[in-house]
Amino acid sequence: MKFQCSAIFWMLLNASSASSFATPRFSYRTTSLKSPANNAAIQNSRTANSLPFVQCRGGSSSSSKLSASVESPVAVSSENLAILSERGRKAIVDLIENDVDGSQKHVYGDWPAVGTQDDDKRRLADQLADLNISYPGGLAAYLSKARALLKESADGLNPFEDYEAVVPEGESLSFDGEGTMPFSDAEQLGIKAMQGAVFVLVAGGLGERLGYSGIKLSLETNLCTNESYVEIYVKYIQAMQYLARLKTGRNDIRIPLVIMTSGDTDPLTRKLLADNNNYGMDDDMVTIVTQDKVAALKDGNAGLALDDDDRWSVQTKPHGHGDVHHLLYREGLVDKWEKEGRTHVIFLQDTNALVINSVVPTLGVSVSKGFHMNSICIPRLAGEAAGAIARLEHKSDPSKSLVINVEYNQLDPLLRSQGDRKGDVADPTTGFSPFPGNANNLVIEMSAYAKTLRGEDQGVVLEFVNPKYKDESRTDFKKPTRLECMMQDIPKLFQKEMGSDANIGFTMFDRWFTFSPAKNALEAGVEAVQGGSTAPGTMSSAESDKYIQNQRKLKFAGADVPVTQVPDDLVPVSGIPVTEGPRIILCPAFGITQEELLEKVQGDVKISKRSSLVLEGHQLTLKNLDLDGALVIRAGKDSHVTVDGLKVSNKGWDLVPNDPNRQYDETVAIRGYTMDKRETTEYLINEPGKFVIGADGKVTKVD
């Protein structure tokens, strides 16, 4: 089929040639879109002859008539191209030219004539333009990379064939036991270094997997205070800022927070912060960056997956939290921080309230060991479905060796190919894998980070693909897949930019102190427990582990408090084993370090198993306390409060399992219980001055 094209169409095609039409390459890395010199060179080298569906006939003429023919029966007609926006035309032309094997014909082929579904055509073309802009190197680079990775996947290529895994260098810290470095020493180093810290919270997900329709950051961490995850993180940052000021004498220290959102979570995250006045953080200390989704792929040829119910829409999926590095570079934040003299970037995940306790000592270890990157880790059970930190020694080229996260499904085959070939087995002396489990929270030194992000990859970490194949042919998928990336894969870029100078390690903590993420719905957690799991990963187990952590902290500080032994002392509530109590919340303003707790818990402090306790206040001290029930004490920043001789006995708070015949709010339904606050003794003291809460329960102001 042939058609003639007018001078108008010729000009439209020339306009669309402004996009990048590089020859498709099977590359694993791409550079930033911000390369105007390269784009200009490509643009200037383009002619209409290079358009795959246009052929010029005859010589040039002073006449306005130019002609062309289209040989492909699936090409977009000139009339259809003419109705598109300029950016949409560029995206369509780019897609067609780079479609060397026809894998995308279903996208641009068989368009109806002008006048039919024109708005839909524009919508599709503009979406392709958006996908072009949002991915470094454009959609052509994304699809080229996807084809290469999908071929490797189909061929069963082993990415670690040339490596052997060894345990990397790191430190092991224990809050109430022995480690390779004194815990308090690490904390003191970390507090001082906190003056140069920046926090980045990766929060691109909704709580659908938990049975919650909102953003995960808004989930309540516990029912004693009903504080959300983001509120807890912000209050910890504020507590770290308070300590840094106290230790250095610098009252100008301010610690910024960056939150990476997605299209799904961005509006709700902004609203949550606005409705709560940033939980006390200054507006200029909170920055939000938003990651884009990437195109979904329908088959091994990287064909774009169209929506099942809308052939004019490409399915998109999250790209992964690895986007955070490029986003920080693209938004100029790393340059800004380096100019401000910031020294470390701390990366947090969204629903692990325990891990924030590990930040200060981990930063201290980073300073002590000179780590450019330090992964927060936990003891890992052999065979556990969790990544591990390993040093991969290259068999022939030592310059390619690196310390990096290895996913559990890759670790066992790797270990079976080396040494005793036993695979992912436990160390008989510890009962755990010799490779530390990755909690996916990072501390990165700023100058090394900035140097790495300024390299040719500009923070775009290496990607992977994980398709679920329909059959052994390994060509078609059960459902669309996409390229993914993880923030913990940044060591590959460190290695590229810094070589053997990159100093990457880990800091390992007890699980009770660091790791209890909320990631599973109640039903999935119950099923896991029935299958023998002791870590169901539900909101109820995460809440219970928070109470147990605080039991152990107060016990360490000298309080007479029963500590739940896991799993023996746990009791099932709606199918999930949780602590019977006491339920203790030590707010960040009460204390986040060993030193603070030892200073604030004095004398005879006794707490019964059925009790619930909430403590908040930088100047709050427990001298003598006997608690059997529920007690809440909150002291303002200038309120010095001492509890001396107080005895509390009341009905307290109880967990009540949900009635299966009733409907509950999502925040309650995902736990499987409510908290019945039957009776509470509460002290809220915000007045500046010194106060004592005595044996009679009265508050007395003292000189």
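Residues Val230 and Ile215 fail the side-chain proximity criterion, which asks for heavy atoms closer than 4.5 Å. Residues Met508 and Phe432 are not in side-chain contact: their nearest non-hydrogen atoms beyond the backbone lie 4.5 Å or more apart. Met373 is listed as a side-chain neighbour of Leu442, based on a closest heavy-atom distance under 4.5 Å. Inter-residue side-chain proximity for Leu219 and Tyr212 is flagged as met; some heavy-atom pair is nearer than 4.5 Å. Residues Ile444 and Met446 fail the side-chain proximity criterion, which asks for heavy atoms closer than 4.5 Å. A 4.5 Å side-chain heavy-atom check between Leu150 and Phe477 finds at least one atom pair inside the cut-off. The shortest side-chain heavy-atom distance between Asp264 and Lys293 falls under the 4.5 Å cut-off. Side-chain contact between Val258 and Leu327 is absent, with no heavy-atom pair separated by less than 4.5 Å.
Arg209 places a side-chain N or O within donor-acceptor distance of the main-chain N or O of Lys519, the cut-off being under 3.5 Å. The backbone N or O of Ser313 lies less than 3.5 Å from no partner atom in the side chain of Gln315, so there is not a single donor-acceptor pair. The backbone N or O of Gln349 lies less than 3.5 Å from a partner atom in the side chain of Asn441, making a donor-acceptor pair. At distances below 3.5 Å, at least one donor-acceptor pair connects side-chain atoms of Asn520 with backbone N or O atoms of Pro536. Of the possible polar contacts, one joining the Asn374 side chain to the Thr362 backbone as a donor-acceptor pair under 3.5 Å is found. Judged by distance alone, with hydrogens and angles left aside, the side-chain atoms of Thr579 form no donor-acceptor pair with the main-chain N or O of Ile548 at under 3.5 Å. Arg474 places a side-chain N or O within 3.5 Å of a backbone atom of Ala154 that can act as its donor or acceptor partner. The main-chain N or O of Ala295 is never found under 3.5 Å from a side-chain atom of Tyr135 such that the two would form a donor-acceptor pair. Proximity of a side-chain donor or acceptor of His321 to a complementary backbone N or O of Met487 within less than 3.5 Å is detected. When atom types are taken as modelled, the side chain of Ser433 and the backbone of Phe435 share a donor-acceptor pair closer than 3.5 angstrom.
The distance from the NE2 atom of His325 to the CD1 atom of Ile490 is 4.0 Å, given to the nearest 0.5 Å. In this structure, the separation between NE2 on His326 and CG on Leu493 is 12.0 Å, given to the nearest 0.5 Å. Distance check: Asn222 CG to Lys546 NZ gives 8.5 Å after rounding to the nearest 0.5 Å. The CG atom of Leu173 sits 9.0 Å away from atom CZ of Phe513, with the distance rounded to the nearest 0.5 Å. Note: Ser172 OG to Asp510 CG = 7.0 Å, rounded to the nearest 0.5 Å. The structure places CG of Leu597 at 6.5 Å from CG of Leu586, a figure rounded to the nearest 0.5 Å.
When every heavy atom of Ala239 is checked against every heavy atom of Pro588, the shortest pair comes out as CB-O, 3.6 Å. Pairing each heavy atom of Pro436 with each of Cys377, the nearest pair is CB-CB, 3.8 Å. Tyr408 and Glu384 make their closest contact through CB-O, 3.3 Å (heavy atoms, listed as atom of the first residue, atom of the second, distance). In terms of heavy-atom proximity, Phe506 sits nearest to Pro168 at CE2-O, 3.3 Å. Taking each heavy atom of Ala439 and Phe515 in turn, the nearest pair found is CB-CD1, 4.0 Å. Closest approach of Asn440 and Gln488 over heavy atoms only: OD1-NE2, 3.1 Å.
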Could you give me the CA-CA distance, side-chain angles and deciding distance for Asn550 and Leu554, then say whether side chain to side chain contact (heavy atoms under 4.5 Å, CB included) is met? CA-CA 6 Å; Asn550 288 326; Leu554 285 187; 5.8 Å; no
Carefully, step by step, assess Phe183 and Phe556 under the rule ring-ring contact (aromatic ring centres under 6.0 Å, His included). CA-CA 13 Å; Phe183 197 95; Phe556 170 84; 8.3 Å; no
Given Ile670 and Thr538, is the side chain to side chain contact (heavy atoms under 4.5 Å, CB included) satisfied, shown in steps? CA-CA 8 Å; Ile670 62 176; Thr538 62; over 6 Å; no
Derivation of the side chain to side chain contact (heavy atoms under 4.5 Å, CB included) call for Asn405 and Ile389: CA-CA 5 Å; Asn405 176 77; Ile389 301 298; 4.2 Å; yes
Hey, mind stepping through Thr507 and Ile376 against side chain to side chain contact (heavy atoms under 4.5 Å, CB included) and telling me if it holds? CA-CA 5 Å; Thr507 304; Ile376 295 177; 5.7 Å; no
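If you run side-chain contact (heavy atoms from CB on, under 4.5 Å) between Tyr279 and each of Val286, Leu257, Leu273, only Leu273 comes through. The residue from Thr261, Thr265, Ile232, Ile259 that alone fulfils the side-chain contact (heavy atoms from CB on, under 4.5 Å) condition with Leu217 is Ile259.
With hydrogens and angles left out, the side-chain atoms of Tyr547 and Gln551 include no donor and acceptor closer than 3.5 Å. A donor-acceptor contact closer than 3.5 angstrom links the side chains of Glu666 and Ser213. Judged by distance alone, the side chains of Glu227 and Thr221 never bring a donor and an acceptor atom under 3.5 Å apart.
Scanning for ring pair (Phe, Tyr, Trp, His ring centres under 6.0 Å) contacts around Tyr163 gives His394, with sequence neighbours left out.
For His344 and Phe371, the ring centers sit 6.0 Å or farther from each other.
Cation-pi geometry between Arg583 and Trp653 is not met at under 6.0 angstrom from the ring centre and within 45 degrees of the axis.
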Please list, one pair per line, the donor and acceptor atoms closer than 3.5 Å that link side chains of residues 353-360 to other protein atoms, with sequence neighbours excluded.
from: Asn357; atom 1: OD1; to: Tyr236; atom 2: OH; distance (Å): 3.0
from: Asn357; atom 1: OD1; to: Lys553; atom 2: NZ; distance (Å): 2.5
from: Asn357; atom 1: ND2; to: Leu354; atom 2: O; distance (Å): 2.8
from: Asn357; atom 1: ND2; to: Gln549; atom 2: OE1; distance (Å): 3.3
from: Ser358; atom 1: OG; to: Thr514; atom 2: OG1; distance (Å): 2.7

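Counting heavy-atom neighbours within 6.0 Å of Glu527 CD, excluding the residue itself, gives a total of 12 or less. Remark: Lys555 NZ is packed, more than 12 non-hydrogen atoms of other residues, nucleotides or ligands lying under 6.0 Å away.
Using a 4.0 Å cut-off between charged side-chain N and carboxylate O, Asp424 and Arg380 make a salt bridge.
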